[in-house]
Asker: 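My structure is below; once you've seen it, I'll send some questions.
As a basis for the values below, the full set of heavy atoms in this structure was taken, side chains included, without hydrogen atoms, waters or symmetry mates. Numbering of ligands and ligand atoms starts at 1, following listing order.
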Amino acid sequence: MRETRIWLGTHRAAGYVVALGLTAVVTGAIWAIEQIADVANISMLYLLAVMASAIAFGSGPAIAASIAAFLAFNFFFIDPRHQLSVSEPEEWVALALLLVTGVITGQLAAALRDRAQKAERRKQEAIVLYDVVRLMTGPDLRESLTAVAERLRQELALAAVVIGFHGGTAAGLWAEAGEQAALGLARASGMAPKLLLGGGASPTPEHRGSPGRWIRVLPPHLPGRPGQTADRLHEVPVHLGDGMVGLISLVRSPEAPPFSAADDRLLSTVASQLAIAIERTRLREEAAEAEILRRTDELKTALLNTVSHDLRTPLSSIIASAGSLLQQDVQWTEDERCDFARAIEEEAERLNRLVSNLLDLSRIQAGSLVPQRGWYDLSALVDDVVGRLRAVTSKHQVIVAVQEELPPVFLDYVEIDEVLANLIENAVKYTPPGSEITIRATRENDVVRVEVADRGPGIPSEALPRLFEPFYRVQREGPAPKGTGLGLAVAKGLVEAHGGRIWAGNRQEGGASFVFALPLGEPGQAPVEAAGESE
Ligand code: ATP
Ligand code: MG
């Protein structure tokens, strides 16, 4: 549509030529009809030419068609023929009627055309604005700006569009679209004469805003020589608050008509949309930064709390037990001695686990955790862990269901052992003694799934999304089992380092279910012959 407008803009005379052509065609048609029959009011056929000209080219060509019709009818079909004089007075009336009807019909049709065109332009404007707003919501600002530049270039049929920011948070941001030669002109816009859209007013509740007027700007070293580029290079300032933060430079094709009022409105709205988008991006970045700082702070506080509380408790109990054992003046029975020694062992183990969890977590967060992988038999790993934790799980019924003939899996034995142990320990810790814990391993396409399901209280739905965060523990009534909320965070880090996934859910029959899925192996990594302790 824009292209048609440009063509008609540059070939304004074409409308008139076509209108006269149409009148000539109708004249021919009337002549042909007259040869066959004598039709009254045949001159009305000219209205077709007038309306067609009005709809296609507007009111000017329609008036031209009306006048041409008046003259042609008079000249060719009213006696005396081939003269512009008229013998009968009533013929004058008919001719005058033809002219008046032609002009009025033409004007009405042209007005309709104008209204339709305006509506179409408004619609187009709204679509472009909508597109610009949507393009600017993209995550990468530079890409969004380039897309907006390209969209504007196509919409306004421009040779090039450059959007550049020199102030505010977006300073230095630059995006462009268009032909190389024209881009060169836009890039060097500081040195070239140009037209600047300025002096606009923002809308108020009572008044529509105005985009402003094009003001000619000449660089100081080019006095009085507007040159050709001045009419090709246009700039629309992007304002944020009181200051100008950027410019939209537009280079028109040499033959393009000047921007219409609708184009000006579109350009100034796009400029204010860009400013809003830049501001929004800044606020979003600030919010994200504040959130990162807040989380780091939270993590640090949690770490300090852990170190001060969770490390201290086992340490004091070790010191107390060891001190008691060393007391010379008290005679301990063998059972009491064993109790002290067991307490020391248990607390030392807790300390050991805590420290290794903390270390793992810091390695995971630093991104330095690289699994030492080999091909292993998963059922052997499950048996290993269950065997090692027999003492821990002694009060529960443990059911192991490993699918037969599981293929070997490419994994770090120590790390996946730790993940599974964490899940089983949790299942023991958070479910009543005597309840069932099921450990299932199955293959599904190219992953193996390991599930630890229990019949305990399950997990409250609001806790599910945060369960794998470091230091997160579900708050429950009554005394909570000992723990620091690191186990699942470490398990998640380890599984993800294997390219796997871990998640938790509640079982329909009651209880929680924790599942991790590991990819079977890396493509191109040939499995070692014997599954098991292969290197
Ligand atoms: P840590 O493992 O570091 O000693 P922890 O067990 O509290 O401490 P996680 O293993 O990360 O930490 O578990 C986080 C929380 O998830 C636990 O505090 C617990 O409330 C909940 N949870 C974990 N497993 C289960 C389960 N099987 N049933 C119910 N709740 C569970
Ligand atoms: Mg745990």
Side-chain angles (χ1 to χ4, degrees), residues 298-299 301-315 317 346-365 385-386 388-389 391-393 395-400 415-440 450-496 501-516:
E298 235 180 52
L299 199 69
T301 319
L303 201 71
L304 277 179
N305 284 344
T306 309
V307 172
S308 57
H309 175 262
D310 292 10
L311 285 184
R312 259 207 174 143
T313 326
L315 272 180
S317 108
E346 268 176 20
E347 296 300 325
E349 250 165 31
R350 246 183 83 194
L351 268 183
N352 188 22
R353 243 173 56 79
L354 181 60
V355 171
S356 76
N357 269 347
L358 280 173
L359 279 178
D360 280 347
L361 190 74
S362 66
R363 275 165 61 210
I364 290 166
Q365 290 193 335
V385 179
V386 172
R388 183 157 46 84
L389 294 182
V392 179
T393 56
K395 296 200 179 76
H396 286 77
Q397 294 178 44
V398 179
I399 300 167
V400 179
E415 289 179 358
I416 297 306
D417 178 308
E418 198 180 328
V419 172
L420 186 58
N422 254 321
L423 297 184
I424 298 177
E425 278 171 8
N426 277 353
V428 171
K429 216 160 46 162
Y430 299 106
T431 62
S435 61
E436 226 174 68
I437 297 173
T438 313
I439 300 151
R440 217 173 271 123
V450 181
E451 180 184 15
V452 178
D454 61 46
R455 302 301 305 267
I459 293 143
S461 54
E462 67 275 10
L464 275 174
R466 299 197 56 198
L467 211 56
F468 294 91
E469 285 178 17
F471 301 110
Y472 180 78
R473 303 200 71 203
V474 180
Q475 302 297 331
R476 290 183 213 270
E477 285 180 9
K482 285 181 183 166
T484 34
L486 283 178
L488 290 179
V490 169
K492 180 171 188 257
L494 296 178
V495 169
E496 285 178 354
R501 224 161 58 79
I502 184 165
W503 65 95
N506 288 311
R507 304 171 74 190
Q508 268 178 352
E509 57 269 48
S513 144
F514 287 81
V515 187
F516 63 92

Asker: Does Lys482 come within less than 4.0 angstrom of ligand 1, counting non-hydrogen atoms of the residue?
Answerer: no
Asker: Using modelled atom types and a 3.5 Å cut-off, is there a donor and acceptor pairing between side-chain atoms of Arg455 and backbone atoms of Glu509?
Answerer: yes
Asker: Of the backbone atoms (N, CA, C, O) and the side-chain heavy atoms from C-beta on, which set of Tyr472 has a member under 4.0 Å from an atom of ligand 1: side chain, backbone, both, or neither?
Answerer: backbone
Asker: Under 2.8 Å from the Mg ion (ligand 2), is there an N/O/S atom belonging to Asn426?
Answerer: yes
Asker: Does any N/O atom on Gly487 come nearer than 3.5 Å to any N/O atom on ligand 1?
Answerer: yes
Asker: Starting from atom 16 (O) of ligand 1, find the nearest protein heavy-atom neighbour and note its residue, name and distance.
Answerer: Leu467 CD1, 3.4 Å
Asker: Taking all non-hydrogen atoms of both residues into account, name the closest pair between Ala491 and Ile502 and its distance.
Answerer: CB-CD1, 4.1 Å
Asker: Is ligand 1 under 4.0 Å from a heavy atom in the side chain of Leu354, in the backbone, in both, or in neither?
Answerer: neither
Asker: Please confirm whether Ala480 approaches ligand 1 to less than 4.0 Å, judged on its heavy atoms.
Answerer: no
Asker: Please test Val419 against Phe516 for side chain to side chain contact (heavy atoms under 4.5 Å, CB included), starting from the C-alpha separation and ending with a verdict.
Answerer: CA-CA 9 Å; Val419 172; Phe516 63 92; 3.8 Å; yes
Asker: Could you list the atoms of ligand 1 found under 4.0 angstrom from a heavy atom of Gly458?
Answerer: 29 (C)
Asker: Looking only at non-hydrogen atoms, find the nearest pair between Val452 and Ala427 and report the distance.
Answerer: CG1-CB, 4.1 Å
Asker: Which residue holds the protein heavy atom closest to atom 21 (C) of ligand 1, what is that atom called, and what is the gap in Å?
Answerer: Val474 CG2, 3.8 Å
Asker: In ligand 1, which numbered atoms sit nearer than 4.0 Å to a non-hydrogen atom of Gly483?
Answerer: 4 (O), 8 (O)
Asker: Which residue owns the protein heavy atom closest to atom 7 (O) of ligand 1, what's the atom, and how far is it?
Answerer: Arg473 NE, 2.6 Å
Asker: Which protein heavy atom lies closest to atom 23 (C) of ligand 1, and at what distance to 0.1 Å?
Answerer: Asn426 ND2, 3.5 Å
Asker: Would you please test Ile416 and Leu494 for side chain to side chain contact (heavy atoms under 4.5 Å, CB included) and show each step?
Answerer: CA-CA 7 Å; Ile416 297 306; Leu494 296 178; 5.5 Å; no
Asker: How close do Gly456 and Pro432 get, heavy atom to heavy atom, and via which atoms?
Answerer: CA-CD, 4.1 Å
Asker: Please compare Gly485, Gly511, Ala427 and report which has the shortest non-hydrogen distance to atom 8 (O) of ligand 1.
Answerer: Gly485
Asker: Does Tyr430, backbone or side chain, put an N or O under 3.5 Å from an N or O of ligand 1?
Answerer: yes
Asker: How far is atom 30 (N) of ligand 1 from its nearest protein heavy atom, and which residue and atom name does that atom have?
Answerer: Arg476 NH2, 2.8 Å
Asker: Using a 4.0 Å heavy-atom cut-off, which part of Arg353 comes near ligand 1: side chain, backbone, both, or neither?
Answerer: side chain
Asker: Under the side chain to side chain contact (heavy atoms under 4.5 Å, CB included) criterion, do Thr393 and Val386 qualify, and how do the steps go?
Answerer: CA-CA 8 Å; Thr393 56; Val386 172; 5.7 Å; no
Asker: Is a side-chain N or O of Asp454 found less than 3.5 angstrom from the main chain of Gly511, in a donor-acceptor match?
Answerer: no
Asker: Report the part of Lys429 in contact with ligand 1, treating N, CA, C, O as backbone and CB onward as side chain, heavy atoms under 4.0 Å; options are side chain, backbone, both, neither.
Answerer: side chain
Asker: Does atom CD (Glu462) have a neighbourhood of more than 12 heavy atoms from anything else shown, all under 6.0 Å?
Answerer: yes
Asker: Might you point out which heavy atoms bring Lys492 and Phe468 nearest each other, and give the distance in Å?
Answerer: CD-CB, 3.4 Å
Asker: Where is the nearest protein heavy atom to atom 11 (O) of ligand 1: which residue, which atom, and how far?
Answerer: Leu488 N, 2.8 Å
Asker: Assess the residue pair Asn357 and Arg353 against the criterion (side chain to side chain contact (heavy atoms under 4.5 Å, CB included)); give the C-alpha distance rounded to whole Å, side-chain angles, the decisive distance to 0.1 Å, and a yes or no.
Answerer: CA-CA 6 Å; Asn357 269 347; Arg353 243 173 56 79; 4.3 Å; yes
Asker: Between Arg388 and Ala421, what is the shortest heavy-atom contact and its length?
Answerer: NH2-CB, 4.4 Å
Asker: Donor-acceptor check, side chain of Lys429 to backbone of Lys482, threshold 3.5 angstrom: yes or no?
Answerer: yes
Asker: Considering heavy atoms of the protein only, find what lies nearest to atom 3 (O) of ligand 1 and give residue, atom and distance to 0.1 Å.
Answerer: Leu486 N, 2.8 Å
Asker: Show which atoms of ligand 1 fall inside a sub-4.0 Å distance from at least one heavy-atom site of Phe514.
Answerer: 23 (C), 24 (N), 25 (C), 26 (C), 27 (N)
Asker: Can you pull out the closest protein heavy atom to atom 27 (N) of ligand 1? Residue, atom name and distance to 0.1 Å, please.
Answerer: Asp454 OD2, 2.7 Å
Asker: Is Phe468 in contact with ligand 1, taking contact as a heavy-atom separation below 4.0 Å?
Answerer: no
Asker: Could an N or O of ligand 1 be found under 3.5 Å from any N or O of Ile459, whether backbone or side chain?
Answerer: no
Asker: Where do Arg501 and Val495 come nearest, in terms of heavy atoms and distance?
Answerer: N-CG1, 3.3 Å
